[in-house]
Amino acid sequence: MNLTLKIWRQKDSNTKGQMVDYKVNDISEHMSFLEMMDVLNEQLVNSGEEPVAFDHDCREGICGMCSLYINGEAHGPDRGVTTCQLHMRMFNDGDTITIEPWRATAFPVIKDLVVDRTAFERIQQAGGYISVNTSGNTQDANAIPISKEAADEAMDAATCIGCGACVASCKNSSAMLFVGAKVSQYALLPQGQVEATERVLNMVKQMDEEGFGNCTNTGACEVECPKGISLENIARMNREYLKASLKG
Amino acid sequence: MALDSKVPKGPIKDKWTTYKDKINLVNPANKRHIDVIVVGTGLAGGSAAATLAELGYNVKAFAYQDSPRRAHSIAAQGGINAAKNYQGDGDSTYRLFYDTVKGGDYRSREANVYRLAEVSANIIDQCVAQGVPFARDYGGLLDNRSFGGVLVSRTFYAKGQTGQQLLLGAYSAMNRQIARGKIEMYNRHEMLDVVVVDGKARGIIARNLVTGEIERHSAHAVVIASGGYGNVYFLSTNAMGSNATAAWKIHKKGAYFANPCYTQIHPTCIPRSGDYQSKLTLMSESLRNDGRIWVPKHMDDVMAIREGRKKPTDLSEDERDYYLERRYPAFGNLVPRDVASRAAKERCDAGYGVNATGEAVYLDFASAIERYGKEQAKIHNIKDASKAKITELGEKIVEAKYGNLFQMYEKIVDENPYKTPMMIYPATHYTMGGVWVDYNLMTTIPGCYCIGEANFSDHGANRLGASALMQGLADGYFVLPYTIGDYLADDIRTGKISTETKEFDEAEKAVKDRIDFFINNNGTKSVDHFHKRLGKVMWDKVGMARNEQGLKEAMAEIKQIREEFWKEVKVPGGASEMNPELEKAGRVADFLELGELFAKDALMREESCGGHFREESVEESGEQKGEAKRNDQDFAFVAAWEYKGEPADAVLHKEQLEFKDIELKQRSYK
Ligand SMILES: Cc1cc2nc3c(=O)[nH]c(=O)nc-3n(C[C@H](O)[C@H](O)[C@H](O)COP(=O)(O)OP(=O)(O)OC[C@H]3O[C@@H](n4cnc5c(N)ncnc54)[C@H](O)[C@@H]3O)c2cc1C
Ligand code: SF4
Ligand code: FES
């Protein structure tokens with residue numbers, strides 16, 4: 001198929017960006033979206049132009065590195081997949097595809113389609129861990145039985161890949177789904193109880209400081225999340241927060 | 001320099017304990033004055049950085065991604081081994097040790113493997129304490145599954161995302177130390193050289209991938225945890241950015257590179273679909289527990305399928321060749337990875353591949369669906385269940401076991417694997433070879449350590465499933481933090497290492513010159529052009545089956561591609577900005593050297609062992625006719641190569657392998 005691409009080009013964080021049109025031809029429907037981008041970039045390199053910078057690494061939907069806003073949707077039109085798992089069979093010959101970076105104050109553009117997501121790092125550093133030493137003197141793993149249900153639920157929350165699609169698809173640029181997922185993972189496990197109070201308070205505080213918006217329950221994040229992280233995690237975090245605030 | 005593996009004396013069971021008791025320690029107050037650089041934040045580097053920081057050292061950690069959590073370890077699916085014997089099925093440290101040495105086709109160092117097995121159980125305790133949500137049974141205890149080539153159930157898992165959960169555990173431990181100021185994290189930074197001062201590793205040169213700035217970082221010791229070099233094949237299951245640069249740079253500064261030819265080609269990956277293909281996707285080995293592998297028996301059926309005149313489901317049982325079950329009745333579809341991969345290649349080379357490229361075989365779940373369906377019908381007391389009902393019940397079970405993998409397959413291939421068999425083909429997956437290290441995990445450069453997939457140490461010529469995650473975490477949490485103390489104990493009075501020295505000047509200049517060269521070369525061909533050509537030579541001539549002539553050709557061809565690369569490569573953009581093409585150029589330049597050494601190593605090793613198969617070395621007669629033939633008489637050694645300029649001039653050093661606790665045997669899966 002032959003396509004027209006409208007792509008956000010921006011030299012660096014200090015320069016203003018703009019949409020630029022490109023044409024790519026003979027795209028196979030079996031290609032992944034990023035392989036289509038590779039074709040474009042090879043074309044650009046061969047004609048002496050700078051290729052389009054975009055983040056990617058594993059190309060199998062798990063590292064959370066890829067991050068494109070395609071035709072107005074984070075990770076594009078398919079559901080339950082990341083951009084790297086999106087296939088060209090979702091598009092038709094002659095289509096025009098708009099490709100933008102994540103848009104959020106807390107995620108400044110570094111170059112073209114690459115954004116800075118280190119705000120997520122700082123939120124994790126504020127409390128996304130259990131304070132256990134890596135000494136090897138821990139108790140036997142089976143000493144704390146955990147019900148299958150709790151373990152499975154914690155696992156579902158823990159599958160978040162930290163991509164930021166939830167923020168990009170939220171009209172308030174809220175990071176509640178991402179933070180809620182981490183808080184929930186620990187809240188559901190006995191190991192997480194000791195520090196539960198400080199954890200939720202510190203992580204939420206950091207989230208606010210980073211400039212993420214408030215949650216107004218539109219649910220767009222859940223729809224676009226490639227890992228199906230559920231809104232329940234936000235509700236659980238809100239309960240944890242309330243509990244912690246009453247204590248603290 | 002003579003190779004000294006520094007394996008402690010004494011019975012294998014006591015070596016590690018006795019050694020730890022006697023090792024030099026650095027007192028906590030002194031650790032504050034010691035800096036350690038860790039390059040890489042996968043399972044190995046992440047766990048090492050967290051532990052070293054917790055012990056009190058000042059750690060600087062580096063990763064090329066924008067977060068430690070995105071290291072390639074995140075992609076591991078199946079699980080992690082540990083000799084916990086929770087299932088009471090007779091597992092033990094010794095058995096895990098034995099399985100690993102045998103699985104590695106008797107080409108690993110006994111003492112290291114024993115230590116790995118010994119600390120494995122503790123890894124699980126550690127991870128659970130960190131909140132890693134491993135799968136549990138209904139009683140609330142940890143669940144296990146079994147993996148290829150072994151007789152016990154010792155693999156711990158978190159759905160199909162074990163690597164992700166373990167890495168997030170190590171990442172959380174890192175975050176705790178970053179928050180305490182004990183780890184300085186350098187994301188989007190790439191190490192481009194090691195700096196050696198008075199014979200010791202004392203720092204690195206790194207490029208800030210956002211600004212392009214070249215930075216100097218000093219430390220008392222440098223730990224390389226940069227992962228494997230599978231991308232030398234261009235196509236592999238590794239992440240796009242996985243590279244050998246860090247390992248190769250230390251090699252060029254004096255670290256020996258061991259057994260580069262030991263590479264694992266994984267049998268169950270999604271086949272290539274076209275020339276635009278950028279990477280290959282693994283389908284977990286666990287699928288072989290229930291999937292049966294076959295190709296059509298008759299050539300007309302192959303043709304009919306390729307031309308779309310027939311569907312695989314049209315073929316009756318006796319029109320199919322379940323070649324693994326035919327050749328290896330004892331292990332059937334569960335033979336080890338190297339054996340399964342070669343068998344698929346053999347059938348496809350003979351013309352029986354089932355897709356347009358001729359490089360695919362079927363992995364069929366129909367029998368499993370029927371078997372589970374009948375079982376379920378019995379359990380639920382459904383009398384005279386219809387075929388449709390049985391299929392429905394069976395599909396449910398298969399979905400519960402492999403749902404996410406089936407979904408992944410469908411997303412990529414656009415075919416429903418419940419209804420039609422999957423197509424699979426082998427792909428490069430893991431590199432057993434790597435930087436040579438002694439028992440302390442130190443390379444031949446004093447003060448430079450290497451851990452995780454980047455080193456050569458524990459898997460011999462073939463790695464068993466679920467053992468890489470175990471090794472990475474064992475190295476980082478439990479081994480390196482002890483052994484590095486022994487070295488650093490001499491450095492308590494050294495004081496901060498200055499970066500304003502001629503060694504740093506020279507290393508920085510070399511790095512800058514190379515970058516300037518790329519930017520100004522103005523050649524005619526893209527980096528990928530050369531990478532793809534290298535990959536093709538590697539796959540065709542240094543792939544699943546190798547022979548003398550092919551390897552000699554490969555060495556010559558790689559050299560020629562390398563020379564052309566340095567003349568014709570084109571890198572657009574500038575040096576002082578984010579420039580992904582420039583990053584790739586540096587990595588491919590290193591692969592173009594590593595590839596040649598790889599072929600040279602394969603040429604030298606005139607035996608077949610594990611993932612290394614020499615067509616000249618096969619059993620000629622008897623029950624094992626046609627199978628790989630190892631040669632313990634002449635090749636029971638680690639090949640450690642010393643850099644001497646051109647890869648072809650590398651000098652071989654041998655570390656003789658001794659097997660005192662395990663008897664050398666031929667692996668038989670018949
Ligand atoms: C698809 C897949 C599935 C797998 N499944 C399993 C499994 O089920 N069980 C199992 O045991 N094993 C599995 N493996 C193997 C296992 O995942 C890897 O061997 C292991 O994770 C490697 O860990 P590592 O820490 O050594 O390196 P990696 O995780 O590869 O980390 C490398 C790190 O080095 C950094 N880096 C690299 N070069 C530089 C540089 N020059 N400068 C700065 N930083 C650099 C990267 O940023 C990264 O942080 C699988 C592998 C793949 C590809
Ligand atoms: S919650 Fe979903 S969308 Fe948000 S970062 Fe995690 S995986 Fe991405
Ligand atoms: S590239 Fe890793 S999730 Fe898309």
Side-chain angles (χ1 to χ4, degrees), chain A residues 12 28 30-32 34-35 38-39 42 45-46 48-51 53 55-60 62-65 81 85 87 89 110-111 114 117-118 120-121 124-126 128-134 136 138-142 144-148 151 154-155 158-159 162 185-186 189 191-192, chain B residues 47 50-51 54 65-67 69-70 72 74-75 84 86 122 124-126 128-131 133-142 158-159 161 164-165 168 172-173 175-176 178-179 187 210 239-241 273-274 276-279 281 411-412 414 477-478 526 528 570 572-573 577-578 580-581:
Chain A
D12 53 40
S28 151
H30 297 301
M31 278 184 193
S32 72
L34 295 184
E35 283 165 351
D38 292 342
V39 170
E42 182 82 11
V45 173
N46 286 336
E49 284 177 70
E50 254 201 82
D55 267 332
H56 65 110
D57 203 22
C58 73
R59 295 212 177 180
E60 49 187 71
I62 192 75
C63 74
M65 194 91 181
V81 296
Q85 294 174 297
H87 273 75
R89 62 181 83 95
I110 295 176
K111 180 174 187 161
V114 178
R117 283 171 290 197
T118 45
F120 271 10
E121 297 299 294
Q124 296 281 11
Q125 288 153 18
Y129 50 80
I130 289 170
S131 294
V132 53
N133 278 356
T134 55
T138 38
Q139 59 182 330
D140 185 83
N142 260 346
I144 343 164
I146 300 172
S147 77
K148 182 167 167 41
M155 176 64 202
T159 52
Q185 178 196 341
Y186 293 135
L189 297 170
Q191 303 94 303
Chain B
S47 57
T51 310
E54 190 180 287
Q65 296 94 342
D66 69 339
S67 164
R69 69 180 293 159
R70 308 207 199 281
H72 173 57
I74 200 91
K84 274 285 195 190
Y86 280 163
N122 220 243
I124 305 303
D125 302 338
Q126 180 64 47
V128 167
Q130 284 168 346
F134 284 120
R136 299 203 170 238
D137 61 23
Y138 285 97
L141 301 179
L142 290 160
K159 279 203 179 156
Q161 288 124 285
Q164 179 196 30
Q165 294 310 315
L168 292 181
S172 71
N175 280 333
R176 179 168 167 240
I178 295 173
N187 293 317
V210 176
M240 299 297 289
S273 73
Y276 47 81
Q277 191 95 26
S278 59
K279 76 154 279 169
T281 304
K411 286 278 180 201
I412 295 176
D414 204 22
Y477 281 139
F478 302 130
S526 69
D528 278 356
K570 168 145 94 187
E577 59 178 335
M578 176 174 267
E581 285 296 312

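Reminder, nothing fancy here: chain letters follow the sequence lines and each chain counts from 1. Quick note: numbers below take in every heavy atom, side chains included, and nothing from hydrogens, waters or symmetry partners.
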Output the option from B:E577, B:H72, B:Q277 having the highest count of non-hydrogen pairs under 4.5 Å with chain A.
B:E577
Can you name the closest pair of heavy atoms from A:T138 and B:A129 and give their distance?
CG2-CB, 3.6 Å
Taking the side chain as everything from C-beta on, heavy atoms only, tell me whether B:F134 gets closer than 4.5 Å to B:I124.
yes
Given that the side chain runs from C-beta out, which part of B:Q130 has a heavy atom under 4.5 Å from chain A: side chain, backbone, both or neither?
both
If you tally heavy-atom pairs under 4.5 Å against chain B, which of A:R89, A:H87, A:Q124, A:Q185 wins?
A:R89
Part of A:I110 lying under 4.5 Å from any heavy atom of chain B
side chain
Backbone N/O of A:A141 and side chain of B:D125: donor-acceptor pair under 3.5 Å:
yes
What part of B:I178 gets closer than 4.5 Å to chain A, counting heavy atoms only: side chain, backbone, both or neither?
side chain
Just by modelled atom types, is the B:S278 backbone N or O under 3.5 Å from a matching donor or acceptor in the A:E35 side chain?
yes
Could you have a look at A:L189, A:L34, A:T118, A:D140 and say which one has the most heavy-atom pairs with chain B under 4.5 angstrom?
A:D140
Does the B:R70 side chain pair with the main chain of A:G162, one donor and one acceptor, at a distance under 3.5 Å?
yes
Which heavy atom in B:G139 sits nearest to a heavy atom in A:P145, and how many Å separate them?
O-CB, 4.3 Å
State, yes or no, whether a side-chain contact exists between B:Y86 and A:N142 at a heavy-atom distance under 4.5 Å.
yes
Heavy-atom closest pair, residues B:L168 and A:A158
CD1-O, 3.7 Å
Could you check which of B:Q126, B:R176, B:K279 has the highest count of heavy-atom pairs closer than 4.5 Å to chain A?
B:R176
Tell me which of these, A:P51, A:S147, A:S32, A:G192, has more heavy-atom pairs under 4.5 Å with chain B than the rest.
A:P51
Mind checking whether B:L142 and B:V128 have side chains closer than 4.5 Å, heavy atoms only?
yes
Tell me, for B:D66 versus chain A, whether the close heavy atoms (under 4.5 Å) come from the side chain, the backbone, both or neither.
both
Backbone of B:A158 reached by a side-chain donor or acceptor of B:Q164 within 3.5 Å:
no
Greatest number of heavy atom pairs closer than 4.5 Å to chain A - which of B:R69, B:K159, B:Q65:
B:R69
Just give me the residue among B:Q161, B:Q165, B:E581 that pairs up with chain A most often, heavy atom to heavy atom, under 4.5 Å.
B:Q165
Among the listed options B:A179, B:G274, B:G241, B:G131, the residue most often paired with chain A at heavy-atom distances under 4.5 Å:
B:G131
Heavy-atom cut-off 4.5 Å, strictly under: side chain, backbone, both or neither for A:D38 against chain B?
side chain
Heavy-atom distances under 4.5 Å only: say whether B:Y276 touches chain A with side chain, backbone, both or neither.
both
Side chains of A:K111 and A:D12 in contact at under 4.5 Å (non-hydrogen atoms):
no
Does any heavy atom of chain A fall under 4.5 Å from the side chain of B:S273, the backbone, both, or neither of them?
side chain
Between A:Q139, A:H56, A:R59, A:Q191, the one whose heavy-atom pairs under 4.5 Å with chain B are most numerous:
A:R59
A:V45 versus chain B, heavy atoms under 4.5 Å apart: side chain, backbone, both or neither?
both
